[in-house]
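Sequential numbering from 1 along the given sequence is applied to the chain's residues. Heavy atoms only: backbone and side chains are in, while hydrogens, waters and symmetry mates are out.
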Amino acid sequence: MSACPACGAEVAEADQFCEACGQALREPEAVAATSPVAPADAPATAERAVPTDSAATMATVVPPPAGQCTCGGTFDADGWCDRCGQRAPSARDHLVVTLSPQLAGVSDKGRHHPRNEDAFALSLVGARSVLVVCDGVSSATDSDLAAVAAADTARDVMTAAPSAPDAASPATQVEYYSDLWSQAAHAANAEAALIAQHVGGQNPPSCTFAAAVVDGDLVVAAWIGDSRVYWLGDDGTALQLSVDDSWATEQVEHGMPRAVAEADPQAHSITRWMGADAADPTPSCGSLAAPGAGWVLVCSDGLWNYCSGAADLVALVKKYDTLDPTRLAGDLVDWANEHGGHDNITAALARVERTADTEPADTEPADTEPADTRSS
């Protein structure tokens with residue numbers, strides 16, 4: 001046995017992820033070397049080198065759970081109470097990560113789920129922020145592991161890449177970061193697919209993917225599934241940069257009112273995802289030249305399910321009247337829990353202070369022809 005580098009919990013030498021907090025315990029190369037061969041069409045795993053001038057983290061350092069259960073029993077080595085069968089508290093049940101006064105995130109398992117299947121990863125390289133949120137698909141086995149692997153891998157690929165050249169035109173910078181997100185998503189999908197080779201089951205682990213890179217006043221978003229990216233301006237301007245790959249979106253495109261579509265039981269049936277059975281891990285991308293100061297929010301549906309519209313979200317953010325991303329992310333997560341907390345909740349925030357004279361760019365999602373759907 002050894003200790004998890006993130007939370008200190010005991011882990012076995014053969015473990016690939018810490019059961020307490022979800023921390024990856026091996027580099028991708030080590031996992032690939034001891035795993036069955038990946039599918040022939042799976043992209044090669046990206047090298048996960050992180051520049052030394054970056055700040056990056058996967059989880060806060062949280063003490064391991066106490067060995068005594070509330071019923072008086074003792075948690076065994078696998079994290080289950082030997083008397084009542086309750087699972088030991090996990091560090092991933094409520095994660096708070098602060099990288100700078102401008103970049104932070106909070107994730108919570110909510111009030112009804114037994115564990116947190118959301119994952120998020122952040123990095124800061126100079127003035128460039130990277131935010132990734134993945135929501136594990138609850139109908140598939142061990143999707144929390146796929147979400148952690150995908151989020152960490154995508155973050156690492158983006159962190160290792162250099163920033164877009166300052167002298168490049170805005171269009172060139174957008175193209176540069178969009179191409180990087182494609183590489184990151186393919187690498188993330190390959191890591192998520194590897195999880196399926198270890199856990200088995202009829203439904204392989206899978207997750208959604210939503211991400212943003214913020215470089216000065218340029219925001220380039222990428223997504224697969226129904227986790228979202230928003231721009232929430234201090235002046236009240238608001239824009240949803242992502243477009244859900246979901247049943248609800250298809251119905252809205254066919255004329256159904258948004259509120260009606262999102263209230264339908266099939267609303268969260270996604271048409272694209274990451275995992276071993278993903279049809280295409282190439283993300284859709286959109287960009288924004290921030291017109292002023294504000295927030296870039298990347299979140300799971302555990303938050304936006306209670307406040308979907310960008311205008312409603314910016315009004316909610318204004319009520320909290322704070323420039324602290326950690327406090328604001330925590331406020332948003334608490335608000336979602338107060339309104340039901342029926343799903344895992346994740347909010348990652350990057351603060352943009354720089355102003356620009358350019359107008360927001362249009363977002364053009366890629367056309368997709370889904371083969372089937374699943375619920376996130």
Q: Tell me, please, which residues at least two apart from Ala329 pass side chain to side chain contact (heavy atoms under 4.5 Å, CB included).
A: Val106, Ala347, Leu349

Q: Among residues two or more places apart or on two chains, list those pairs meeting ring pair (Phe, Tyr, Trp, His ring centres under 6.0 Å) that have a residue in residues 132-159.
A: none

**Q.** Selection residues 313-335 - residue pairs positive for ring pair (Phe, Tyr, Trp, His ring centres under 6.0 Å), sequence neighbours left out
**A.** Trp335-His339

Q | side chain to side chain donor-acceptor pair (under 3.5 Å) involving Asp280 - partner list, sequence neighbours excluded | A | Thr282

Q) Residues two or more places apart in sequence or in another chain: which of them pass side chain to side chain contact (heavy atoms under 4.5 Å, CB included) with Ala315? A) none

Q.
One pair to check against side-chain contact (heavy atoms from CB on, under 4.5 Å): Val132 and Phe209. What are the steps and the verdict?
A. CA-CA 7 Å; Val132 183; Phe209 172 80; 3.7 Å; yes

Q) Just checking, any donor-acceptor pair under 3.5 angstrom between side chains of Thr237 and Asp235? A) yes

Q.
Using side-chain heavy atoms (C-beta onward) and a distance below 4.5 Å, is Cys207 in contact with Ser143?
A. no

Q. So how far is it from Leu303 CG to Asp135 CG, rounded to the nearest 0.5 Å?
A. 11.5 Å

Q. Which one of Asn344, Val333, Asp334 satisfies the side-chain contact (heavy atoms from CB on, under 4.5 Å) criterion with Asp108?
A. Val333

Q. Sequence neighbours excluded, which residues qualify as side chain to side chain donor-acceptor pair (under 3.5 Å) partners of Ser163?
A. Arg128

Q: Would you please name every residue forming a side chain to side chain contact (heavy atoms under 4.5 Å, CB included) with Asp144, sequence neighbours left out?
A: Arg92, Arg115, Glu117, Asp142

**Q.** Results of side chain to side chain donor-acceptor pair (under 3.5 Å) for Thr346 - residues two or more places apart only
**A.** Ser107, Asp118

Q) With sequence neighbours left out, what residues match Asp234 under side chain to side chain donor-acceptor pair (under 3.5 Å)? A) Arg351

Q) Ignoring hydrogens and geometry, is there a side-chain-to-backbone donor-acceptor pair from Trp181 to Met158 under 3.5 Å? A) no

Q.
Checking Ala146 now: which residues fulfil side chain to side chain contact (heavy atoms under 4.5 Å, CB included) with it, not counting sequence neighbours?
A. Ala192, Pro205

Q. CZ of Arg111 to CD1 of Ile345: how many Å apart, nearest 0.5 Å?
A. 8.5 Å

